[in-house]
Amino acid sequence: MQKIPDRNFDALVKPTKLHRSLYTDPDIFELEMSRIWGQAWIYIGHESQVPNAGDYFTTNINHAVPVVMIRDKDDSVRVLHNRCGHKGAKVVDKQSGTVRGALRCAYHGWSYRFDGSLLKIPNEHGYQDTGFDASEPCYSMQPLAQVSSYRGFVFATLSDEIPDLVTWMGGAITCFDNLCDRAPEGEVEVAGGVLRYEHDCNWKFILENLNDTMHPMVVHESVVKAAESYIATLPPEAAKQRREAEIIPPFGASYENFENTGITGFDYGHHYDGGKTSIHADYSVDPDYHEAMVAAYGETRTREIYAFNTHNVLYYPSLTIKCAVQNIRVIRPISVDRFVVESWSFRLKGAPDTMLQRTVLYSRLINSAMGMVGPDDLEVYRRTQKGLHSPVNDWVEFHRQYGKDRILPDRIEGGGTSDLDMRTQYRAWKAYMEQSYQRGVDYA
Ligand code: FES
Ligand SMILES: [Fe+2]
């Protein structure tokens, strides 16, 4: 493999191609964890996962740094480093649950308020006249550098330099609005559990695949054909009643259909495909749901909400959401060739249960390890991870429709089958790795 000089990211990311070491080099992975995952806003969880004081959810903000999201007694949601101020033990070990009174470390029993401040040290008089000052922040469970939520979705960052969450999301924020506005009450809540799916390949493959519209008709051809053959055996009325019949066949849509969806990219690597249309655009509308929406918003606004129909939205690098299906996937990297995808389903508050049933069905059919679409994608990621060890060619290309992207003041637009999504995320990859964002440089 061609030797890349240290920190020469120009040698790794070109306008239309990437060096294969981005997927195989453990040193690059470690740099990504500190410079991308250690700087960007990372999705932690949804406020509805911690409805009452003392409720918590634990995760890692990158491959290693443990954090805990906890509801405080004043009803605020905190995100704290999950590290004891004494000798460093992880304080909260379970994935989720409720603590009463205070957080208590299992090692020597130091306890903390829900805002992370040190509450009590057992046998404390041994610290007298030692120079120890219990009020110093290092002896608390320290909050993340910045914590913010948007419409209930909680993000945190290890950086105190990255712009605020709303600025960082830019124009992609309208997709969060669309997801929540699809609820008659304007709010969503986690429901139906979480699916965790371990992938034995580099974390970036799934982000590249989200809006890669040149693959569904190839990779998912067999499942689409099997579904269509089965649907053809059903009487017309029965086929309509099966929601699988709406969900699976659009994965086999034509190149022309995918071209027409368009892709829109933003600063910081965010992007979505669709907007005017998507593979979800032809789902039937439950009459009870429509009635509740019209009662809440009126007919015109309801139609506007339905009409903004995106496929996958990426908030680079940790979160992808599906507004029309009320489903999100969260990326949790582990090593250069391992990561976990969490799929969470959301209930539209004020909507009939049939909407949540469709969301959970979608997640099971498409995102689950036992599903019909996600395992197809994992199979091609695995083959790519293996193929990239070949020394015959150091480059992964993304020329499609290069030079045809329309550059607007706050976004870039292009054809649905273009590699605009790749160009968008790898401009951000390079800016994070060069630490340009931290210096406030506009790389565009
Ligand atoms: S390491 Fe937590 S109390 Fe000692
Ligand atoms: Fe796919």
Side-chain angles (χ1 to χ4, degrees), residues 58 66 68 80-93 99 102-113 116-124 126-127 130 132 134 136-142 197 199 201 203-227 247-255 257-258 261 263 272-274 278-280 310-314 320 322 325 327 329 331 341 343 362-385 416-417 419 421-422:
T58 64
V68 55
L80 309 172
H81 283 278
N82 194 357
R83 188 250 193 232
C84 181
H86 183 214
K87 296 191 193 296
K90 188 177 171 187
V91 176
V92 190
D93 199 46
V99 282
L103 294 155
R104 184 169 180 273
C105 180
Y107 200 170
H108 310 93
W110 286 29
S111 59
Y112 301 90
R113 298 178 188 89
S117 60
L118 181 59
L119 178 65
K120 200 165 176 354
I121 299 175
N123 205 18
E124 191 171 2
Y127 283 98
T130 63
F132 174 81
E136 284 183 32
C138 62
Y139 302 121
S140 65
M141 287 178 71
Q142 298 180 61
Y197 190 1
H199 283 44
C201 57
W203 62 275
K204 296 187 291 297
F205 287 135
I206 191 168
L207 307 191
E208 296 175 12
N209 179 262
L210 293 170
N211 291 321
D212 174 333
T213 55
M214 293 299 292
H215 87 277
M217 61 293 286
V218 180
V219 171
H220 307 304
E221 182 185 20
S222 59
V223 70
V224 168
K225 284 201 167 146
I247 291 173
I248 294 177
F251 282 87
S254 67
Y255 292 113
N257 280 358
F258 278 115
T261 64
I263 297 181
Y272 62 80
D273 84 341
S278 83
I279 64 166
H280 310 302
T310 51
H311 177 195
N312 285 309
V313 186
L314 175 64
T320 174
K322 276 185 176 290
V325 189
N327 179 269
R329 281 175 288 171
I331 314 306
V341 189
S343 297
Y362 185 93
S363 204
R364 201 175 72 232
L365 282 177
I366 309 302
N367 299 337
S368 150
M370 293 174 293
M372 304 173 82
V373 171
D376 284 346
D377 290 316
L378 176 53
E379 178 56 27
V380 290
Y381 308 158
R382 281 180 177 140
R383 293 185 192 195
T384 311
Q385 186 81 40
T417 67
D419 283 327
D421 56 320
M422 291 286 282

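All values below come from the heavy atoms of this structure, side chains included, with hydrogens, waters and symmetry mates left out. Note that the coordinates shown come from a computational prediction; the quantities given were computed from them, not determined experimentally. Atoms within a ligand are numbered from 1 in the order they appear, just like the ligands themselves.
- Against a heavy-atom cut-off of under 4.0 Å, Cys84 is close to the following atoms of ligand 1: 1 (S), 2 (Fe), 3 (S).
- The distance from ligand 1 to the heavy atoms of Trp110 drops below 4.0 Å at these ligand atoms: 3 (S).
- Between the side chains of Arg364 and Ser368, no donor-acceptor pair of N or O atoms lies under 3.5 Å.
- If you run side-chain contact (heavy atoms from CB on, under 4.5 Å) between His215 and each of Thr213, Val218, Asp212, only Asp212 comes through.
- Formation of a donor-acceptor pair under 3.5 Å by the Arg113 side chain with backbone atoms of Leu118 is found in this model.
- Nearest N/O/S atom of His108 with respect to atom 4 (Fe) of ligand 1 is recorded as ND1.
- Near Tyr107, meaning under 4.0 Å from any of its heavy atoms, are these atoms of ligand 1: 1 (S), 4 (Fe).
- Tyr139 is not listed as a side-chain neighbour of Ile121, based on a closest heavy-atom distance of 4.5 Å or more.
- When the Fe ion (ligand 2) is compared with the N/O/S atoms of Asp377, atom OD1 turns out nearest.
- Here the angle centred on the Fe ion (ligand 2), running from NE2 of His215 over to NE2 of His220, is 110°, rounded to 10°.
- Under a 4.0 Å N-O distance rule, the pair Glu221/Lys225 qualifies as a salt bridge.
- Without hydrogens or angle criteria, Tyr107 side chain to His86 main chain gives no donor-acceptor distance under 3.5 Å.
- The protein heavy atom nearest to atom 1 (S) of ligand 1 is Lys87 N, 3.4 Å.
- In summary, the atoms of ligand 1 found under 4.0 Å from a heavy atom of Gly109, numbered by their order in the structure, are 3 (S).
- Looking only at its N/O/S atoms, His86 has ND1 as the one nearest to atom 4 (Fe) of ligand 1.
- Here Cys105 meets the criterion, with an N, O or S atom under 2.8 Å of atom 2 (Fe) of ligand 1.
- Panel note: side chain Asn327, backbone Ser343; no donor-acceptor pair is recorded below 3.5 Å.
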